Structure formats: structure tokens, C-alpha cells
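Chain letters run A, B, ... following the sequence lines, proteins first and then strands; every chain starts at 1. What you see is a predicted model, and the numbers here were worked out from it, not measured in a lab.
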Protein chains: 2
Amino acid sequence: MLTDRQRLILSAIINDYIDSNEPVGSRSISKHEKIGLSAATIRNEMSDLEAMGFLEQPHTSAGRIPSQKGYRYFVDHLIERGRLSSHELNVLHSLFSQKIDETEKVMQQVAFMMSHLTNYTTIALGGEIKNTTIKHIQFVPIQDNKAVAIIVTNTGHVENKIVTIPPQLPIGELEKMVNVLNHKLKDTPLTQLKEKLMQEVRMEMAKHVARYEELFIVLQQLFTPDQDHKVYLSGTTNMLDQPEFTKDLTQVKKIMNIFEDNQAVTRLFSSVNHGIQVHIGEENKLTEINNCSLITATYAIDDETMGVIGILGPTRMNYGKVLNLLDYISNDFQKVIKGH
Amino acid sequence: MLTDRQRLILSAIINDYIDSNEPVGSRSISKHEKIGLSAATIRNEMSDLEAMGFLEQPHTSAGRIPSQKGYRYFVDHLIERGRLSSHELNVLHSLFSQKIDETEKVMQQVAFMMSHLTNYTTIALGGEIKNTTIKHIQFVPIQDNKAVAIIVTNTGHVENKIVTIPPQLPIGELEKMVNVLNHKLKDTPLTQLKEKLMQEVRMEMAKHVARYEELFIVLQQLFTPDQDHKVYLSGTTNMLDQPEFTKDLTQVKKIMNIFEDNQAVTRLFSSVNHGIQVHIGEENKLTEINNCSLITATYAIDDETMGVIGILGPTRMNYGKVLNLLDYISNDFQKVIKGH
DNA sequence: TTTAGCACTCGACTTTAATGAGTGCTAACG
DNA sequence: CGTTAGCACTCATTAAAGTCGAGTGCTAAA
């Protein structure tokens, strides 16, 4: 579809634009080492590339900028993956050597480092429920009729929720229920939880526990998935450094408001697939970020998909750099969690 | 120190400036209903007020703006507290009627509403440890040598942390330790925790638990206060609506970066006293917000101080409105937590 | 003590002109 | 036939000059 020369030129234009955020002119391209052509020739090619939809012209007498289609082609075919710089490697290794135990802290740290290495906003989603199993369930009474329900998963995550206990419940019934729960639900994947609860647990409770219907209602409350993903953010203000956003603050506001809204963030990530993915401009779910690109990477521990890291920047973002970093993090993430 | 007339004029100027964000001129003040004076007279008074340090002049031929001292005097002596508007009351009542159980959710909700009612940024700090006591301690093993330590407080808050268990610890020793802990630490205020741990618990463990030194190290890790306050934010982007900040984005960046840094936030709130407090401009701990004002209110449940809500805006913020709202929330906060 | 009048200041805004990077097109060149 | 030099034209950006008006300080009169 494109000649080698056109690919070379397109690539040069996009790379230049990513650096400068200014329409790229024919003359500056013709000066590139690898291209031994005059500005006039470049102009002809540019004109063709524009006709094919890879480039756009902000106004008649300006240079060209990449179109969404241009970026897509660039990401899919032209991008050249480099090595990480020694600085990047140092930062990442310092991260890996930290042996942080709590997943929360790790997430926060990873997000922090990514945003600092890229100068884009990093969004990390934790706690994918796939393959997580229940390790332990417990109720701790805290007031007359309230108790904290605590659920521990095999990943060491602790979920807790305050529940109301039916009044005048005979002492011991709660304990019986907990026994049933632990017996029946231990090692149950969260995905099968609901199902198992409604069937096995219900039956077992009917056998052993007095007033089980009331208690069962409590359980249903407890296990209904109110949990949005936990969102870890870092570098949100990096948005303010991008000249394309600084010009229109209302847009930055809209974008940053997304960060405060867990639901919106979850929606944004709802179509993320396994591995590394690039969502360019209007390919994104939320119109607010239709001139941003979001690069997502799922990460896993012991081959269990755990969550997603996303890097959000302008469509004119440094795809190569971000992809390299995410590749690295994504592959070696378990090392961090497990402490090298 | 100030005549009644001067107070009236100062008040009028500040109120005008809060609305308009523009230097206030003598003519506009002389038009005020309550002031039956000509612009020339106002000018003389303004000149005096400036000499006394309550007003400033951006440049020779401009109106006056309040100085920090002016705001301080305004807040301390001139501010008139009004009633909440019916809209505000509605919003707050809808909040109170929600019966949300989890403190986390409540905090988030309160922050959300405050930021929407004020159009300033709201920062809520949860989990003041004063008067919180320990209700239950437990260890749940999750891998060979790891366990989740869970601490439940009387407020229903659950703290959890992953700890490493000494290798080849005889089964049962962990349990023994937990028994000791629960026995000795139950109902201990968090403030006395460290002390009690080092003395009573240590002794008791020495008696009953094998290899207690190793386990004790684990405990020390567990109870060291790594816990920054949990920070709930809402309306961070409201900063971008304030014209004084829009002009200098680097400043907004600095401010918003604080929000991402738990430590900085905690420092910012470190000097907060009981009740409602106004921190104007340079009175604030962090230089980044030296042209902001922070209004803080401690809130309590059952007379136990729980945490702080802070509203952050430009020094030219609507003190009256915010104070009214915080007063209300602060007094009736328990209702929300307890579900009316 | 208050006020009207007046000259003066100075930021904000508008207008105009100059600049220059970039294009498209045409004609010549190898 | 692809490539390139030349040239007229476009148009955003920047700078300079000029206008406007809100506001002040001071003086003198009520």
C-alpha cells in the first residue's frame, strides 16, 4: 500500500511531530540524514500521504501533522522498539529491589515510577478478580448489631465491609455461619462465588443455622460486587505540561475529572484485552479523551492476570518509549511483587 | 483600632473582591447601599486602610485588593455568617439520609458534596487514631511463610498488612501469640499501643510463646505507624476554574502535586487544631499554597475526634459560605456515619 | 469633614504592519 | 519520468503603536 519511501517519510514526520508538537514542513524532513531528497519531492509525497489520509494540514500554509490513521499505521508498522536507557533501567531496578509486600504499595510505586519515567499520567487498576480465591472469612462484632465482615484472598488482599446483624440473633449462630462459609467457600474462585453461595452455602446453612434466611440476606449484601476497581494514579498534573492541553483548560478539566470518578476510569478500561494495547484518539471509550492515547498493559503474577496499567498522554505521545517501558514492567512485574 | 466606617468599607471591599477577583475601586464602593459616601471620601479611607496594611494596590492606577492582614481581620471580625441556602440544605440532607455504613464511603461522599457545594477542592483525612481502640487481631496464613495480619478497631476500621513468618515456626505458636495479643491488647487505645506492646505483651509472650523474639520483631513491624492518613480528595480540578491560578499553571501544578503526595498532605494538616480553623495564605505550612486559604474542620463521632475536612481555595475564597457549610457538616457529621 | 473637579497613571485591548515558515504549481534538468 | 529549483501566494505569529477607561491623588470649595 505504501512505498518504502513513503513509509520512511511518514515515520520521520510522526517522529518529528512527537518531539516538537508543531506541524512538520517539507524542508525539515528533507534535511534528515536518511532521506536524500529535496523539499519539493517531499512535498509531493506529503501531498500523496495526505490524500491517503495519513496526514492532515491544519491550514493551507502550514506543515503536516499525523492523522489518527497515521498514528495507527505508525504504531502498527513503523515504530522501532529500542532498548531502555540506562537511567530507565536503574529506576526500574531500584523498584524491583525494594521487596514491598503489600500489593497496594507496589501498585502505587509502579504508577509513580511510570509517570515519572514517561511524563504522562499513569493509571493502575488493581485487583482483577480472575483466579483469586477465598482464603478466609470472618466476622468481628463491633457494636450491638454491627460487625465487620472480613474476606481474605489467596493474594493477601483483605476486603472488609460493615454489616448489620439481625437483632437478637442467638449467640453462636453467627459463628456457625462463618464455619459453613469457610468450609464451603475456602479456595473458591471469586468468579464462582455467587453461584456457590446461592446453592451449596444456602443448603448447608439451612441445615445448621437457625434463622438462616435473615443471615443469608446479610451475606448477599456482603458479596454483591460493589467493588469498583481500586485506582492508583500518578502524574495527573503531567497533563498540564502538554502544550496541546494547556491551550484548552476546559479539556484538561474534563480529563482530570475522569480520574476522580472511579466508575469512569473502570469504563475507560472496560475493553482492555490481555497484553499490551494502544488506544489512539477516538478509539478510546470516553469522548473526553478523544485526542489522547491510552496504552494499556495487563500484568500478571504467576500467570494470573491481576490488573492493568495504563499510560495516558496526548495522541502525539511517545509510543515507542512507553511501549518499551510497559513491555518491561509487564514481563517482570512478578519480580516486583515477589521481591525479586 | 478601626472605626466603624472603616470596618464597613473594608468589609465591602473584601466582599466585592471575593466576587469579582478584580481590584476594587472607590466609585464602586461608594455606590453600595449601606454607604452614603462619595468616592472621594472612600478614597481617603482606602488610603488609610492601605497605610494600616489591610489593603494593597497592585499598581498606582488600580483599585485596592485585600492584603493577607485584611483577610485575617475580615475572617476574625467582619464576616457575617448566614444560613445555608435551601439548595445546600437539600444536598446535605440527601447525604444524611443515605445510611452508608463504611467510613470510607462516607468520607468520599462528604468530600464530593463539599467540593460540589463550594467549588473548591476538598481534602478529607480519615482515621485519626485518638480514642480508637483495638477490637480484634488476627493472622491469616496465605503462603508458606506469609500471613495477613488484620487489626479491627472499635470504629469498624480494618487495617491489614502482609507479614513474613519466621521459617519453620512450630504450628500453634502463631496462634498462641494471637491469643496473647487479643487478650492483652483488646480495647487498648491506639495511642497506648506501642507502650503496652513493649511491656505487657512482651512479657506475656516470653512466658507462653516459643521463639518469641523472632515473632516480636514481626509485631514491631506490624505496629509501626507507616500509616499516613488515608486521603480523600474531591474537586481537585476546581483549582483550574480560579482565574488567579489559570494565569500561572506551574503554580496549579505544584498545588495539585501536593494532592498526589500523602506525606505532603499530612504535613499540610499537621498543625490543625480542634474545631474550625482558617489558614490564610502564608499561614499555611506549605509554600506552594501561600496564596491559598485552607479552612479545616475536625469532625467527631460520639465526641471522639476522627479526622479533618479541609477546603482549599484561593485566598480570595468565599470564607462565609465555606465556614457555614463546615459548621453544619462538622456538627452533624455523626448523623451521617450512624445513618441518621 | 465631605465632596466635586481635574490632571495623571497605567493596564487592557485593538489595530496595524512586518515576519517568515510553508505550500502548490510550473518549468527545467538528468 | 522522477526530481528539483524557482516563485507567487497563504496565513499564523509577533511586535509596535495607538486608544480607552477605570482608578488614583491632590486641591479647593461647600
Side-chain angles (χ1 to χ4, degrees), chain A residues 2-10 12-17 19-67 70 243-244 246-248, chain B residues 2-10 12-17 19-67 70 243-244 246-248:
Chain A
L2 289 186
T3 67
D4 277 358
R5 194 169 77 177
Q6 283 172 328
R7 279 211 281 276
L8 192 63
I9 292 172
L10 180 57
I13 292 174
I14 296 185
N15 278 321
D16 270 22
Y17 186 69
D19 284 347
S20 69
N21 189 33
E22 251 144 55
V24 183
S26 53
R27 226 175 99 77
S28 63
I29 293 298
S30 90
K31 276 189 200 138
H32 269 244
E33 291 181 5
K34 299 191 175 177
I35 304 182
L37 295 169
S38 76
T41 313
I42 304 290
R43 276 205 287 282
N44 290 330
E45 295 287 24
M46 276 172 142
S47 184
D48 290 352
L49 284 167
E50 184 177 358
M52 287 186 275
F54 293 104
L55 295 178
E56 286 170 359
Q57 210 171 7
H59 58 88
T60 348
S61 70
R64 304 300 208 293
I65 62 174
S67 69
E244 45 262 79
T246 319
K247 281 173 188 166
D248 180 9
Chain B
L2 290 186
T3 68
D4 278 356
R5 195 169 77 176
Q6 284 172 327
R7 278 210 282 274
L8 192 62
I9 292 172
L10 180 58
I13 291 173
I14 296 186
N15 279 320
D16 271 22
Y17 186 68
D19 284 346
S20 68
N21 189 34
E22 251 144 55
V24 183
S26 53
R27 224 173 100 77
S28 63
I29 293 298
S30 88
K31 277 188 198 138
H32 268 245
E33 291 182 3
K34 301 191 174 175
I35 304 182
L37 296 169
S38 77
T41 314
I42 304 291
R43 277 204 287 282
N44 290 329
E45 294 287 23
M46 276 172 143
S47 185
D48 290 352
L49 284 168
E50 185 177 356
M52 286 186 277
F54 293 104
L55 294 179
E56 286 170 359
Q57 209 171 9
H59 56 92
T60 347
S61 69
R64 303 301 207 293
I65 62 174
S67 68
E244 45 263 79
T246 318
K247 281 172 188 167
D248 180 10

Student: Which residue lies toward the 5' end of DNA chain C, B/Leu37 or A/Ala62, if each is placed at its nearest nucleotide?
Tutor: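 It is B/Leu37 whose nearest nucleotide is closer to the 5' end.
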Student: Could you tell me whether B/Thr60 contacts a base, only the sugar-phosphate backbone, or nothing, with contacts defined as non-hydrogen atoms closer than 4.0 Å?
Tutor: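 Sugar-phosphate, backbone atoms only, no base.
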Student: For B/Glu22 and D/dT24, give me the distance from atom CD to atom C1', rounded to whole Å.
Tutor: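 From B/Glu22 CD to D/dT24 C1': 17 Å.
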Student: Kindly indicate whether the side chain of A/Phe54, heavy atoms from C-beta on, has any atom under 4.5 Å from the side chain of A/Leu2.
Tutor: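 Yes, close enough: below the 4.5 Å cut-off.
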Student: Is the CZ atom of B/Arg7 crowded by more than 12 outside heavy atoms at less than 6.0 Å?
Tutor: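 Atom CZ in B/Arg7 is crowded, with more than 12 foreign heavy atoms closer than 6.0 Å.
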Student: I want to verify a distance call: between C/dT3, C/dT23, D/dT4, whose nearest atom is closest to the A/Met46 side chain?
Tutor: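 Nearest to the side-chain atoms of A/Met46, counting from C-beta on, is C/dT23.
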Student: Choose from C/dT23, D/dA5, C/dA4 the nucleotide whose nearest atom is closest to any side-chain atom of A/Gln57.
Tutor: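 Nearest listed nucleotide: C/dT23.
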Student: Is B/Arg43 side chain donor-acceptor paired with the D/dG25 base, going by distance under 3.5 Å alone?
Tutor: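 Indeed there is one.
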Student: In this structure, how many angstroms lie between the P atom of D/dT27 and the CG atom of B/Asn44, rounded?
Tutor: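 From B/Asn44 CG to D/dT27 P: 12 Å.
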Student: Can you identify which nucleotide, out of C/dT23, D/dT10, D/dT24, has its nearest atom closest to the A/Ser61 side chain?
Tutor: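 Shortest atom-to-atom distance from the side chain points to D/dT10.
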Student: Distance-only, no hydrogens or angles: does the B/Ser26 side chain make a donor-acceptor pair with backbone N or O of B/Ile42 under 3.5 Å?
Tutor: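 No.
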Student: Look at all strands and tell whether B/Ser26 reaches a base, only sugar-phosphate, or nothing, counting heavy atoms closer than 4.0 Å.
Tutor: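 B/Ser26: backbone/sugar contact only, no base atoms under 4.0 Å.
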Student: Using atom CG of A/Asp16 as one end and atom C1' of C/dG22 as the other, report the distance to the nearest whole Å.
Tutor: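 So the two atoms are 15 Å apart, to the nearest Å.
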